[in-house]
Amino acid sequence: MSKPHLELTNVQMAFDTKDGPFVALENVDLKIRKGEFVSLIGHSGCGKSTVLNIVAGLLQATRGGCVLDGHEVNTPGPERAVVFQNHSLMPWLTVYENVELAVQQVFKKTMSKAERKEWILHNLKLVNMDHALDKRPGEISGGMAQRVGIARALAMKPSVLLMDEPFGALDALTRAHLQDSLMKIQQDLNSTVIMITHDVDEAVLLSDRIVMMTNGPAATIGEELRIELPRPRNRVALADHPEYVRYRQAVLSFLYEKQTFPAKGESTEEQKPQARDETSDQPENAVETGKDRVLRIA
Ligand SMILES: Nc1ncnc2c1ncn2[C@@H]1O[C@H](COP(=O)(O)OP(=O)(O)OP(=O)(O)O)[C@@H](O)[C@H]1O
């Protein structure tokens, strides 16, 4: 591989707790090339958000670190936009103003007012939200707000798009629609994406590579799977694709055979189930075929 665009090296993350240091991550090494779409998958609490937060600059690793295009990541920056599960729009600003705020932060000195306006509209069009420019977050659906959050992130022209379960709170149809939009946008812009998901189908459909994490504490990368399905990808056509089914089974096998949940001897008291959260489901879900699952969200 040519020089990596983004590199996590020998990352350890220990949190201070009342019972002493808690080592969430240990020896995490990950190299990502420009334009690659990487999904992080693993059981609840294994450390996926911690990895993402280190790349976002929101957390500092206790050992090792993250380098983006040759520069060490120490703080958050506009070249690394984050999309969270719940959109986090400013409730008092309109759809247009929410995106404008981000665009002004990044492009105030380099774009004229007219250029900025055109750019904001362009990004809202990408996610089909240009019809609701004057609406406030409280006046639009959760799926629409999430689309605005994605437009806001894209409008910053980030070098890396970091997504923490961006579609987790959405209904199946909206989720499928947004997955398709994201695939198209990512291909057009050649953005680097790191996405956390609990959904095996989502990971296989969207990714160039699925990075599977072991259970914590001291979680690390257990396996990586390159997804070499041709693009553009069509969810319905893929349902019958033997490679699709094989990839899906490889991820399920990692989650349910190699990294059972909860880890042996671990308490389940604090584990709360989530909608469409395959990584906290019981193993019997694994017997569904790839086709069933793809068609269910088509
Ligand atoms: N600030 C903190 N202080 C102490 N422990 C923490 C802190 N943040 C995270 N942890 C612990 O680190 C581990 C990894 O948490 P993290 O949120 O990264 O997991 P995750 O894989 O993203 O989980 P989920 O899929 O449920 O969102 C967990 O055991 C969590 O309790």
Side-chain angles (χ1 to χ4, degrees), residues 6 8 10-30 38-66 73-76 80 82-88 146 149 160-170 175 193-203 206-207 209-225 251-252 254-256 258-283 285:
L6 180 81
L8 286 161
N10 194 23
V11 165
Q12 181 201 62
M13 185 71 222
F15 292 106
D16 285 327
T17 72
K18 62 177 173 36
D19 303 321
F22 173 78
V23 180
L25 300 176
E26 189 64 90
N27 293 328
V28 174
D29 286 298
L30 184 61
V38 172
S39 287
L40 286 183
I41 200 160
H43 288 296
S44 182
C46 71
K48 303 177 294 294
S49 298
T50 305
V51 170
L52 204 81
N53 285 333
I54 289 171
V55 180
L58 296 166
L59 280 176
Q60 275 291 299
T62 41
R63 195 190 60 229
C66 175
V73 168
N74 292 315
T75 50
R80 284 160 285 128
V82 189
V83 178
F84 294 103
Q85 179 169 7
N86 295 309
H87 59 76
S88 69
Q146 194 62 345
V160 184
L161 189 57
L162 302 169
M163 307 180 101
D164 195 343
E165 291 185 66
F167 313 128
L170 305 176
R175 185 184 182 101
V193 181
I194 306 179
M195 181 184 74
I196 293 177
T197 181
H198 284 103
D199 180 341
V200 175
D201 287 300
E202 179 169 275
L206 299 185
S207 310
R209 182 161 42 127
I210 301 178
V211 169
M212 293 172 261
M213 294 186 60
T214 61
N215 292 337
T220 190
I221 293 171
E223 285 181 25
E224 299 190 30
L225 183 68
V251 180
L252 289 170
F254 177 85
L255 292 172
Y256 297 124
K258 301 174 189 165
Q259 297 288 317
T260 50
F261 178 81
K264 278 200 181 92
E266 198 177 288
S267 160
T268 54
E269 269 169 39
E270 288 179 19
Q271 310 295 349
K272 35 181 201 309
Q274 296 181 3
R276 263 196 77 69
D277 180 349
E278 293 188 72
T279 50
S280 62
D281 277 348
Q282 292 304 307
N285 267 7

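No experiment lies behind these values; they were computed from the predicted model shown. Start at 1 and go down the list; that is how both ligands and their atoms are numbered.
Considering all non-hydrogen atoms of both residues, Ser207 and Ser39 come closest at OG-OG, 2.6 Å.
Looking only at side-chain heavy atoms (C-beta outward), Asp29 and Val11 stay at 4.5 Å or farther from each other. Looking at Leu25 and Met213, their side chains come closer than 4.5 Å, going by heavy atoms from C-beta outward.
The shortest heavy-atom distance from His198 to ligand 1 is under 4.0 Å. Using 4.0 Å as the threshold, Gly47 has a heavy atom nearer than that to some atom of ligand 1.
If you number the atoms of ligand 1 from 1 as listed, the ones under 4.0 Å from a heavy atom of Thr50 come out as 14 (C), 15 (O), 16 (P), 18 (O). Which parts of ligand 1 touch Phe22 is read off a 4.0 Å heavy-atom cut-off, strictly below it: atoms 11 (C), 12 (O), 13 (C), 29 (O). Remark: ligand 1 atoms within the under-4.0 Å shell around heavy atoms of Ser49 are 17 (O), 18 (O), 20 (P), 22 (O).
For atom 24 (P) of ligand 1, the candidate residues are Cys46, Ala14, Gly45, Ala24; the nearest heavy-atom contact is made by Gly45.
Residues Gln259 and Thr214 have side chains that never bring a donor and an acceptor to within less than 3.5 angstrom of each other.
Under the side-chain contact (heavy atoms from CB on, under 4.5 Å) criterion, Asn74 pairs with Gln60, Glu72, not counting sequence neighbours.
Contact check on Lys48 versus Glu165 returns no salt bridge, with no Lys/Arg side-chain nitrogen under 4.0 Å from an Asp/Glu carboxylate oxygen.
Inclusion of Ser44 in the set of residues having an N or O under 3.5 Å from an N or O of ligand 1 is warranted.
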